[in-house]
Amino acid sequence: MTPLTRSFFARDAVVLARALVGTFVVVRGEEGVQVARITETEAYRGPTDLACHARVGLTKRTRTMFGPAGHAYVILIYGMYDCFNVVGGAKERGHAVLVRAVEPVTEVVGSTSGPGRLTRALGITRADNDADLTSAKSRVFIAPRTRRPRITITPRVGVAYAGEWALRPWRFSDADSTHVSRPSPKSIGLG
DNA sequence: GACCGGATTATG
DNA sequence: ATAATCCGGTCA
């Protein structure tokens with residue numbers, strides 16, 4: 001599989017999030033290559049988006065987000081789960097897309113529906129933070145989709161603290177895939 | 001240098 | 001419903 005090029009990623013996170021549904025995550029582990037198709041994403045649109053980590057500006061943690069598009073932004077949440085994001089944005093603006101679910105193409109052990117689950121199943125960790133997803137030499141990269149999925153659009157999950165930003169319809173999922181995450185009870189009833 | 005609270009999940 | 005579990009961001 002051939003990785004997508006930089007220009008694919010260097011776009012507004014909302015546009016990129018939608019375009020990433022149906023693309024393939026390729027992970028080159030020690031026991032071979034794992035491939036999974038992205039079925040659910042969320043856009044995080046830079047410093048002005050109060051749900052986005054970039055809202056605090058350029059820090060040690062967010063440095064990757066403000067770097068070049070097409071790199072991986074992997075962070076720890078709740079002390080125990082890694083989240084896999086893809087850096088977007090035309091001008092290193094702190095845009096990123098969270099990958100919330102994938103469906104296995106090759107054999108993958110464990111559930112891949114849910115941001116914390118897919119990283120565990122695919123073996124993606126913070127060690128992969130800042131990896132260049134446009135290079136076939138990277139341990140992790142992303143390859144083009146082979147068909148255009150039907151997309152379901154909903155508000156983002158788990159960002160109720162972000163006020164009106166939590167209502168933005170910036171979550172994109174494959175309408176025909178069963179491999180999507182279940183919204184946490186906390187996020188239900190937002191409006 | 002202490003404290004707070006998550007882009008979640010598993011279990012009761 | 002709630003515990004598990006770490007660290008970045010914030011304030012002192």
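Proteins get letters first, then strands, A, B, ... in listed order; numbering begins at 1 in each.
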Next item on the list: Could you please spell out the steps behind the salt bridge (charged side-chain N to carboxylate O under 4.0 Å, His left out) verdict for A:Arg55 and A:Asp49?
Entry: CA-CA 6 Å; A:Arg55 68 184 177 276; A:Asp49 173 7; over 6 Å; no
Next item on the list: Just compare B:dT9, B:dG6, B:dA10 and give me whichever is closest to any side-chain atom of A:Pro115.
Entry: B:dT9
Next item on the list: To the nearest Å, give me how far apart CZ (A:Arg117) and P (B:dA7) are.
Entry: 18 Å
Next item on the list: Give A:Arg120 one of three labels, base, sugar-phosphate or nothing, depending on what nucleic acid heavy atoms sit under 4.0 Å from its own.
Entry: sugar-phosphate
Check: Using purine N1 to pyrimidine N3 plus N6-O4 or O6-N4 for Watson-Crick, or N1-O2 and O6-N3 for G-U wobble, each under 3.5 Å, what pairs with C:dC7?
Finding: B:dG5
Notebook entry, point to check: Just how far, in rounded Å, is P of B:dT8 from CZ of A:Phe84?
Noted result: 16 Å
Next item on the list: Would you tell me if any nitrogen or oxygen in the side chain of A:Arg100 comes within less than 4.0 Å of OP1 or OP2 on B:dT8?
Entry: yes
Item checked: Verify stack between A:Tyr161 ring and B:dG6 base, 5.5 Å, 30 degrees -> no
Item checked: Interatomic distance at P, C:dT5 relative to B:dA2, whole Å -> 22 Å
Check: How long is the span from the CD1 atom in A:Ile153 to the CZ atom in A:Arg168, to the nearest 0.5 Å?
Finding: 14.0 Å
Notebook entry, point to check: Can you list the steps and then say if A:Asp12 with A:Arg45 is a salt bridge (charged side-chain N to carboxylate O under 4.0 Å, His left out)?
Noted result: CA-CA 7 Å; A:Asp12 185 289; A:Arg45 207 173 182 225; 2.7 Å; yes
Notebook entry, point to check: Which atom names give the shortest non-hydrogen contact between A:Arg171 and A:Arg100, and what distance separates them?
Noted result: NE-NE, 4.1 Å
Next item on the list: Both distances under 3.5 Å, Watson-Crick or G-U wobble: report the partner of C:dA1, or none.
Entry: B:dT11
Note to self: On a heavy-atom basis, which atom in A:Leu20 and which in A:Phe9 lie closest, and how many Å separate them?
What the structure shows: CD2-CE2, 4.2 Å
Next item on the list: Nearest whole angstrom, please: distance from the P of B:dA7 to the CG of A:Leu167.
Entry: 16 Å
Notebook entry, point to check: Atom CG of A:Leu118 to atom P of B:dT9: distance rounded to whole Å?
Noted result: 9 Å
Next item on the list: Using atom OH of A:Tyr81 as one end and atom P of B:dT9 as the other, report the distance to the nearest whole Å.
Entry: 7 Å
Notebook entry, point to check: With the sugar-phosphate defined as primed atoms, P, OP1 and OP2, and the base as all remaining atoms, what B/S/- string results for nucleotides 5-12 of chain C, 5' to 3', for protein heavy atoms under 4.0 Å?
Noted result: BBSSSS--
Checklist line | Single-linkage hydrophobic cluster A:Val97~A:Leu118, side-chain heavy atoms < 4.5 angstrom | finding: yes
Checklist line | Euclidean distance, A:Thr112 OG1 relative to A:Glu40 CD, rounded to 0.5 Å | finding: 11.0 Å
